[in-house]
Amino acid sequence: MPADSGSIAKVDLDHRGRSWYVDKAVGGLVFVGGVSAIVFVMGIFVFISREGFGFVFGTLDIGEFLTSIEWRPTSENNPRYGALALIAGTAAVTGLAMLVAVPFSLGAAIFIAEFATGRTREGLKVLVELLAAIPSVVWGFIGLSIMSPLIIDTFDQPVGVGVLNSGVILGLMAAPIMTTIAEDALKAVPDSYREAAEAMGATRWQVVWQVVLPAGRNGLVAALLLGVGRGFGETMAVLMASGHAINIPTSPFDSVRALTATIAAELGDAPRGSEHYQALFTLGIFLFVITFLINLAADFAVRRGAPRG
Amino acid sequence: MFQATALNERNRRVEFLFRVLFGLMTVLLVAPVLIILALLIREGGPAVSFDFLFTPPSDQGRQGGILFPLVGTIWLVVVALLASVPIGVAAAIYLSEYAPDNLLTRLINLAIINLAGVPSIVHALFGVGAFVVFFRFGISILAASLTLAIMTLPVVIVSTREALQAVPMAFREACWNMGATRWETIRRVVLPNAISGILTGVILEVSRSAGETAPIMFTGAVTFLPFLPAGVLEPTMAMSLHLFTISNSVPNMPDEIKFGTALVLISMVLLMNAASIAFRMYLRGKKKW
Amino acid sequence: MLSVRGLTIRYGSDVALENVDLDVRRNEVFGIIGPAGSGKTSFLRTLNRMDEENSAMSVEGTILFNGRDIHQIRNVYNLRQRIGVVFPLPVGLPMTIYDNVALSPRLRGVKKKSKLDEIVERCLQRAALWDEVKDRLTALGSLLSGGQQQRLTIARALSQEPELLLLDEFSIAVDPVTTMRIEDVLRDLKDEMTIVMVTNLVQQARRLADRTAFFLNGDLVEVGETEELFTGEVKDQRTRDYVEGRFG
């Protein structure tokens, strides 16, 4: 070896220098970052439980909680904690939202994934992404200031906020997310499937209906589940557009109140540590557990739907 | 022969029909963005002026502008970023560069999905229970920002991980073969080529946290405050909560101010989002390999 | 220089290479030939413990590098630094040409500009690339032509001042002229380092290698002086069939 290159000291194979230790340290550091995600999810559960536990193991009557429609936490001598009406409110609003969102987002996903090409496709995807970015408080504002007068005029109703208003708003909010996930699911179907069907003379629509949709089924289920999760957990828009009356709805114009909105509306007035305050945290535990299960199911659907490997 | 042609004709018509139907549904889906924007601009546009942006609100928001909520939102977002970007980037580096394919990694991924899926009001309850009460930060920017940070952590993690994984494996292998440690490889090759992608994700997170209301409403944002916060342990006004308050709780609120506030908020969010998308597209067109 | 005993490589339950014993002498060019999928690349990966970066790969057996069992070495990065590697597909890192070659010295702590300049020029000269790029050292290495990137990869490997150079089908993605130039470079390098060269071109092994090993379906069929293998003095009929092009 030429003499001039010998100036770089030959390395000792066993010597662990600074870079070795720096690498180990960084490895540890980013590991902590990764694990923090788990810590945070557990933290959420621990801290909301901590505030709500006294109630769960004390006052709470599970039977009453699930079957009574009386939610009167501020009553002086006879407070009631029946969440049925709130659950019904959430269910009604989410159900209507899915009625709005499912056909549109499925149709849009099929169009974007299977029919649109080039710039149209890119443009539509950008619009869907922007739609998903509109903050929920702005949606709530739209419900109050634009949808509500529209409903009053169109259907000749005394009030414009209620199941219909918040359901449509929520549908519009959930649709872009569902579209994106459904489109991903359709795109994940290998092109070879499409080519095989096309080679047999199937039209584009037949390919979609008979090949792509069945193959992307699990991803579509995941899209639906995440849409439901989104509707279920949405707070501000529902708070503003649902009318906020404790009520089991019988008509789409009825005013209802959702679980999330109840927490948002009442937490500010509930003295810390009071029964009411703890009851609101109990609603939070309930919401956490349900959305956790929904997410778990969606993840399972995606995993089962993903190509092997 | 004739039959086949008729069938083709029919197929083509069916196909055309579906194409139009799905196209129409897509248009109906994205039309609201444009309609909403148009309405907000028509109703709120006249209210938005230099004065509106730089005057504090008065008379419960019926008069004046939105200076304090605007500044408050900037406070909240900046502090949230300071917390979430380091943690999120670290988590993404771990998942993309270090994590073996094992149960723990699956749990981490599941946790990220859940963090993104937990309702915002539950994040708010967590913020109250953890930061306001347990850590005794009180109703403060710090408590609200940390709540926001945890809520938006998945945005940073997912976009950073995507940016890291867009760097081809061959580059890493080449570096490892030269005797570079994992970290040296990340620092000298992976990060320099992923940094703009990471930035895209950060902008996205800014846009996301600027619009959130529920997680900050009991942890640090208050409906009215006659002065600006002096530090992170003080409460603040915020754009999103301000819009909620003036459109939901204050009677006789002039429409102009409501729409103007909504327009400013949605513009902030959408502009940053659009910037992030544009940046991403620009990067896609400008590959270094 | 290298001494391999009882080496078995598995991917999950698939065996890529089974029970291989062979020795590589100092300053020789050692060729490895064999059809695709015979375990040649996996063999190279294990020599600098890159198998550890692939969780599906498991390795048994011992490999001695200068008499040291490589699996006992406490700082694997230092081992890898002493072994240069050239890949089938050229990998110009997405940084300037200069930085590509200066990367290894910098990792070892060389900071002085004049020293780096000197290393970059010398390595590019030796890889027969200097004349083509000396006026644009700040261009991106990843945007050079395939043939240039491959020589850049060699220059980068040389900047490690390796004792052992591993080449994996280096000519697969480069034109014949570049291949010839690289072969000339390798002949020069032989005095300074040991070279292990996997090739899919049997004639390339004949041109360059002192001794050659023939791998087939995960087995080491035989090792011998290259000339002997090519003149038919083989122990195994399969070797003759392969070098004469009857299969492969």
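Letters A, B, ... mirror the listed sequences (proteins, then strands); counts begin at 1.
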Would you say the side-chain atoms of [X] pair up with the backbone N or O of [Y], donor to acceptor, closer than 3.5 Å?
X: C:Gln149; Y: C:Gly92; answer: yes
X: C:Lys40; Y: C:Gly34; answer: yes
X: B:Ser276; Y: B:Met272; answer: no

Side chain from CB out, backbone as N, CA, C, O: work out which of these in [X] comes under 4.5 Å of a heavy atom of chain B, or both, or neither.
X: C:Ile83; answer: backbone
X: C:Arg49; answer: neither
X: C:Leu140; answer: side chain
X: C:Ser55; answer: neither

Original post:
Between C:Leu93, C:Leu143, C:Asp99, which residue shows the highest count of heavy-atom pairs closer than 4.5 Å to chain B?
Top reply: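 That would be C:Leu93.
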
**OP:** Specify which of C:Ala157, C:Pro94, C:Gly141, C:Ser142 makes the most heavy-atom pairs with chain B at under 4.5 Å.
**Re:**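 Ranked by contacts with chain B, first place is C:Pro94.
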
Original post:
Using non-hydrogen atoms only, which part of B:Asn193 is less than 4.5 Å away from chain C: side chain, backbone, both, or neither?
Top reply: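 Contact with chain C is through the side chain of B:Asn193 alone.
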
Original post:
Side-chain contact, heavy-atom cut-off 4.5 Å: B:Glu212 with B:His123?
Top reply: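 Heavy-atom side-chain distance check fails, nothing below 4.5 Å.
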
Original post:
Just by distance, with hydrogens left out, do C:Tyr98 and C:Asp117 show a side-chain donor and acceptor under 3.5 Å apart?
Top reply: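 Indeed, the side chains of C:Tyr98 and C:Asp117 share at least one donor-acceptor pair under 3.5 Å.
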
Subject >> Check ion pair B:Arg182-C:Glu53 (N to O, under 4.0 angstrom) >> reply: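 Salt bridge between B:Arg182 and C:Glu53, a charged N being under 4.0 Å from a carboxylate O: yes.
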
